[in-house]
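Take a look at the structure set out below.
So you know, we letter chains A, B, ... as the sequences are listed, proteins then strands, and number each from 1. The analysis underlying the following values was restricted to heavy atoms, covering all of them including side chains, and did not include hydrogens, waters or symmetry mates.
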There are 2 protein chains.
Amino acid sequence: MVHEAILDQTFSALSDATRRSVLTRLGDGPATIGELAEPAGMTLTGMKKHVLVLENAGLVVTEKVGRSRQVRLGTERLDDAMTWISFYQRLWERRLDGLDAFFTLQKGRENE
Amino acid sequence: MVHEAILDQTFSALSDATRRSVLTRLGDGPATIGELAEPAGMTLTGMKKHVLVLENAGLVVTEKVGRSRQVRLGTERLDDAMTWISFYQRLWERRLDGLDAFFTLQKGRENE
DNA sequence: CGCTTCATGAACCATATGGTTCACTTTACG
DNA sequence: CGTAAAGTGAACCATATGGTTCATGAAGCG
């Protein structure tokens, strides 16, 4: 199981809409801090902080090239998050199939 | 696609190890605030706050029974989070298969 | 009834977060 | 060279977060 601090950082990084949109943007390829800041209507300094959060979470990798900084998608952290979620989702589904589910879910959906 | 504010709440709720362990515990069935607080070495008040965060995120459902409060796993929010992650994971994988990935990963990072 | 237990709410505290502005460095380029 | 552009760092600000203590309320029980 993944280290708790790693999950903390990953989920925390993902909990901001600006940062998620950065990841979306990076899905189309690398971008500079400026190119990320502009559509977000944010200062370079502000976006730099977001990128740092993503980088610390391992969701993004950066490299200084010339006077700008290239930002691109990182490795494997989304895997960690999804592994955790799918594990507990199985727990949750098992629960819904159990007796307690029937008991607490005021007899709505019997078969599914 | 899911509303941004919902994802904010869900990921934010998941970004705390205490809250994740609460979800783990609830995988074994409902529990009271006190039963959740004790293993966490935390006051009732503190745990109550965590439960409220999970409840606002829809990850948990509570119901007052007698003088205690039953907490159990909620519905469908883990689905939202996983849907988002798996979508962007596909983006990310596509990227790693592309030319840019080969290009940027092969040349060692000189400066930083 | 009177006491204990579980939960709750208010107040408080320290630290983290998300943003800004301003000053500065490094790089590009005419 | 001189100037503009991209980024960086420090300082600052408002609000959120994660926790506490203390006082109160409601439920159960002998």
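The side chain of B:Arg19 contributes an N or O atom lying less than 4.0 Å from OP1 or OP2 of D:dG18. Proximity of A:Thr45 to the phosphate of C:dT20: no side-chain N or O atom is located under 4.0 Å from OP1 or OP2. Look at B:Arg69 and you'll find a side-chain N or O under 4.0 angstrom from OP1 or OP2 of C:dT8. For D:dT8, one of the phosphate oxygens OP1 or OP2 lies less than 4.0 angstrom from a side-chain nitrogen or oxygen of A:Lys48. Dashed line: the shortest gap from a side-chain N or O of A:Ser68 to OP1 or OP2 of D:dA5 is not under 4.0 Å.
The CG-P distance, from B:Leu52 to D:dG19, rounds to 14 Å in whole Å. Between the CE atom of A:Met47 and the C1' atom of C:dT20 there is a distance of 14 Å, rounded to whole Å. The interatomic distance linking A:Lys49 (NZ) with D:dA11 (C1') rounds to 10 Å, in whole Å. At whole-Å resolution of the value, CG in B:Leu36 and P in C:dC6 are 13 Å apart. A:Gln70 has its CD atom 9 Å from the P atom of D:dG7, to the nearest Å. What separates CD of B:Glu63 from P of C:dC6 is a distance of 19 Å, to the nearest Å. Between the CE atom of A:Met42 and the C1' atom of C:dT20 there is a distance of 11 Å, given to the nearest Å. Look at CG on B:Asn56: it is 12 Å from P on D:dG18, rounded to the nearest Å.
Residue contacts shown for A:Gly34 are limited to sugar-phosphate atoms, with no base heavy atom under 4.0 Å away. Within the 4.0 angstrom heavy-atom criterion, base atoms lie near B:Leu44.
Taking 4.5 Å as the limit, some side-chain heavy atom of A:Val60 sits within range of a side-chain heavy atom of A:Leu23.
In this structure a side-chain-to-backbone donor-acceptor pair under 3.5 Å is present from B:Arg19 to B:Ala13. A donor-acceptor pair under 3.5 Å is formed between the side chain of A:Thr24 and the backbone N or O of A:Arg20. In this structure, B:Glu38 contributes its side chain and B:Glu35 its backbone to no donor-acceptor pair below 3.5 Å. Formation of a donor-acceptor pair under 3.5 Å by the B:Ser15 side chain with backbone atoms of B:Ser12 is found in this model.
If you check distances only, the side chain of A:Arg67 never reaches the base of C:dA28 with a donor-acceptor pair under 3.5 Å.
Where A:Ser12 and A:Gly46 each meet DNA chain C at their nearest nucleotide, the meeting point lying more 5' is that of A:Ser12.
The A:Thr32 side chain lies nearest to D:dG7 when the options are C:dA7, D:dG7, C:dG18.
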